[in-house]
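Data first, discussion second: the structure below is written as C-alpha cells.
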Amino acid sequence: MISNLLRVHDLRVSFATEAGIAHVLDRVDFTIAKGEIVGLVGESGCGKTTLARTILGVLPENSARIDSGVVEFEGENLLDKPSEELSDKIRGRAITFIPQDPFSSFNPVFTIGTQIMELMKWKSPARDDPYYANSASRFWNGYPSTRYEADKGRVLELLREVQLPEPEAILAKYPHEVSGGQRQRLMIAMALLPEPKMIIADEPTTALDVTIQAQILHLLRTLARERDVAVLFTTHDLGTTYEICDRVTVMYAGQEMETAPSDGFFNTPSHPYTRDLLQSLPSREHGIKGIPGDIPALISPPGGCRFHPRCTAASERCSVERPDHTQISERHNVRCFHPVAHKSVGAAS
Amino acid sequence: MTTETQDTATENTAKEDTVLSIAGLRKYFPVRNAWKRRIGWLKAVDDISLEVRRGEVLGIVGESGCGKSTLGKTLMGIHPPSGGQIVFEGNDITNMKPGASRGLRSSLQYSYQDPGASLDPRWKIGRSLHEPLEIHTQLSREERDKRVRSILKSVGLPEGHLDHYPHEISGGQQRRVGLARILTLHPSVIILDEPTSGLDVSVQATILNLFSDLRQEFNLTYLFISHDLSVVRMICDRIAVMYLGKIVEIGDTETVFSNPRHPYTQSLLAAVPIIGGRRVTDNFWLQGEPPNPGDLPSGCRFRTRCPNVRPECADKEPELRSDWEGQEVACPYAE
C-alpha cells in the first residue's frame, strides 16, 4: 500500500457567475503518492486549474465556494486550516507552484535577484529557526544577515543545478533581459528553493518551443526525482504527459474520468472519453477522429456522467447516476458503467 | 499516341503547376535604439525562394521567432518586402499598389491566427460573411445570401448562427466562421497562420478534417504555417523548415520526417513527444536557445547550437543543396 501525500475526496467547487452558478468541480477524487509525478489532463474548462487552485487554497474568495469534500495533505485537511497557517506552513513551502507564463509572474521593475531573495526571506527552509518562534521578532520584518548569506549560497547552487549560465549575472538582471526558457528555469529553481514536498506545475511548457520544452521537462523530472518531490502536472498536451508522468488522471467538464499508470493510460484506455481523446491526436496511421459535439456549459451540466451526451457507449443509466470507481487493474480506476474492453487487460490482471 | 498526349498533359501541368513562386524574398525590420537611430536589421525573412504547386499543402514549420508568420504576411502584402520577387498565378505581385492588389485579394487569402479577434464583436456573423462579397463582387443581396448560406453549410455550421454574435459561439466555431468568410470569394490559395493553435485536441481534429474536405470541395492550395509538427505531418504534402529567417530544409513530408538531414530538423523532430515511442526527455541532445534574431552569428545561423559544428561553418552561409530526391538541405555536411 502506497501512502498518499495528497488525497482529494468528493470535492465539489462552484463559482458564482453572471449567468448563474457554474458547477466547476463535481465530486472529484484524486491522490498523489510521495515523490510521484502525476499528470492531470483535460481540455480547457475541464476544471484542472480549479483543482490545482483549491489545493493551494487560492480560489477567488468572492466568487468561488467549496460545497463539499476534503483536501488532505499528509493526513491533515487543508480546507479546515486557518489562512495564516496555510500561508505560513503550506503554500509556497510544503507545496509550491510553477505558473504557465513565467513572464507575468515576475515583477518587471525589480531585478530577479531581489525577487528571489524576497521569496527566500519568507519561504526559505531555514526560516523555522527558533529566532522566528519569538513573536516579537516576527514583527520586525528584517532579514538576518547570516541567514541571507546562507540563503544566497543556496540560491546560487540551485541556479547552477537548473543549468543557468553565470548565476550571479542572472540575479542582477531584470526579467525582460532573460529568455523564456531561462525564465522557466528560474521558476523551477524558485519552486524547489523552499524544499517542498509537492510542486504544482500548471502547464509549465505551453509557452515554450518544442526544443526548449524537451530541455525543461527533462530538468523538471530529474530534479523532482533527485529530491523525491511529488509533482502535480496539469496540461492539455498528451505528449508532454507521456514524457514525464508516472500516473495520469483525465478530467472532463469537472469530473475525473479515469486514473491509470502512464503505460495503461496510453495503451489500454478504459474510459470512452480517454479513448476518443487519444484518437483525436493527429497520426499518419489511423488518420484523425474528432469527438462530435461540444463541451457542456458548466452552469447547466448534463446529469450523471457529464460525458454521456457525446459518448458512443452511453446508456440511460449514465444520464442519471455518476458512475463510481471500477478497478481495471492495480491502480487503474475508471468511472464508467461501460468501460472499453481490452483483451490484454484481462490477461495482465 | 496515348503516351504523346500524356506527355503533353504532364508538360502542361508542369507549367501550370506552380501557383505561387517566391524568389530571394527578404523582409528586414530596422532595430532602433532609444533615440530612434537604426542600429541594425532584424532579418525576419532572409533570401527565401520556394515554389508552391497547385493543389498541394505546403507546411512551413519552425519555432517562434523564425519568421514563418512574417513570410505569410509578406506574401499577402501586409508587410512590404525589402527585396525579392513574388509571382502569383503568373503575375508579379511584389510591391503592388493597394488599388491593384484589391483584385488579387479574392484569390489569395490569409487566415489569421485568432479568428475570434478578427471578427467584429458588434457584427452578427451574417454581416461579417456578407462583407467580403459586398466589397469584391457585384452580386445582389439575394445572390449573396444564397452564397453565404451554401458556404456556411460546407464549413459545418447551422444557418441559425447567422444571427449570432461572435462571443456567442465557441472557439472552434469562430474558426469555422473565419474560414467561411475567406471561402465566400472562392480563393485559389489560402495562407493558414497557426490554424489550430489554442484549440483543444478534439476540436482540432474536427477542424483538420474540415481543412481536408474543403480542399477537395473548392480545389484549394494551402500554405500551412504551424509549429505543431504532428499536425503538419498529418496534413501537409511538403514541408519547409525555417530557422531564424532561412529555410534550412525543404522536401516531401514523409521524406523529411523519416530521414531528416539538417541537424536542426533532426533535433526539432527529436523534440516532439511521440506517444508510445521512446521518451524524448531521456536523451535529448540539443543544448542552448536560439540566438537573438537582431544579432545573428556569422555563416550558418545554427552553428551556435549545432552538434556537428566545424570551424568552416562560421565563414559562409550554406545554400540549399538538392542532392537528394524530393529534399533540399542547407548544410554542406548533411548526408
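Chain letters run A, B, ... following the sequence lines, proteins first, then strands; residues in each count from 1.
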Would the number of heavy atoms belonging to other residues, nucleotides or ligands and lying under 6.0 Å from NZ of Lys173(A) be above 12? yes
Tell me, for Ser170(B) versus chain A, whether the close heavy atoms (under 4.5 Å) come from the side chain, the backbone, both or neither. side chain
Look at atom CD of Glu168(B) and say whether more than 12 heavy atoms of other residues, nucleotides or ligands are closer to it than 6.0 Å. yes
Please state whether the side chain, the backbone, both or neither of Ser262(A) comes within less than 4.5 Å of a heavy atom of chain B. side chain
Between Gln213(A) and chain B, with a heavy-atom cut-off of 4.5 Å, which part of the residue counts as in contact: side chain, backbone, both or neither? side chain
Go through Ser202(B) and Glu43(A) one step at a time and tell me if the side-chain contact (heavy atoms from CB on, under 4.5 Å) criterion holds. CA-CA 8 Å; Ser202(B) 65; Glu43(A) 301 178 274; 2.5 Å; yes
CG of Leu281(A) to CE of Met234(B), rounded to nearest 0.5 Å, is 11.0 Å
Using non-hydrogen atoms and a 4.5 Å limit, figure out which bit of Leu238(A) sits close to chain B: side chain, backbone, both or neither. both
Could you tell me whether the side chain of Ile291(A) reaches within less than 4.5 Å of the side chain of Val203(B), counting heavy atoms only? no
Write down the atom of Ile212(A), the atom of Pro290(B), and the distance for their closest heavy-atom approach. CD1-CD, 4.4 Å
Quick check: does any side chain N or O of Asp209(A) sit under 3.5 Å from a backbone N or O of Glu63(B), one acting as donor and the other as acceptor? no
Smallest heavy-atom separation, Pro282(A) atom then Val231(B) atom, equals CG-CG2, 3.8 Å
Candidates Val61(B), Leu268(B), Leu269(B) - the one meeting side-chain contact (heavy atoms from CB on, under 4.5 Å) with Val210(A): Leu268(B)
Counting only non-hydrogen atoms closer than 4.5 Å, does Ile274(B) touch chain A with its backbone (N, CA, C, O), its side chain (CB onward), both, or neither? backbone
Among Gln182(A), His236(A), Gln215(A), Gln163(A), who wins on heavy-atom pairs under 4.5 Å with chain B? Gln215(A)
Near Glu217(B) CD, under 6.0 Å, is it more than 12 heavy atoms from other residues, nucleotides or ligands? yes
Contact part of Leu208(B) toward chain A, heavy-atom cut-off under 4.5 Å: side chain, backbone, both or neither? side chain
Of all heavy-atom pairs linking Ser280(A) and Val201(B), the shortest is CB-O, 3.7 Å
Of Gly172(B), Pro273(B), Ala270(B), the largest count of non-hydrogen pairs under 4.5 angstrom with chain A goes to Pro273(B)
Spacing of Thr206(B) atom OG1 and Lys289(A) atom NZ [to the nearest 0.5 Å]: 14.5 Å
Starting from the C-alpha separation in whole Å, work towards a yes-or-no answer on side-chain contact (heavy atoms from CB on, under 4.5 Å) for Thr211(A) and Arg305(B). CA-CA 11 Å; Thr211(A) 53; Arg305(B) 299 171 82 196; 3.5 Å; yes
Is atom CD of Glu325(B) surrounded by more than 12 heavy atoms (other residues, nucleotides or ligands) closer than 6.0 Å? no
Which answer fits Asp237(A), side chain, backbone, both or neither, if we ask what part of it has an atom under 4.5 Å from a heavy atom of chain B? neither
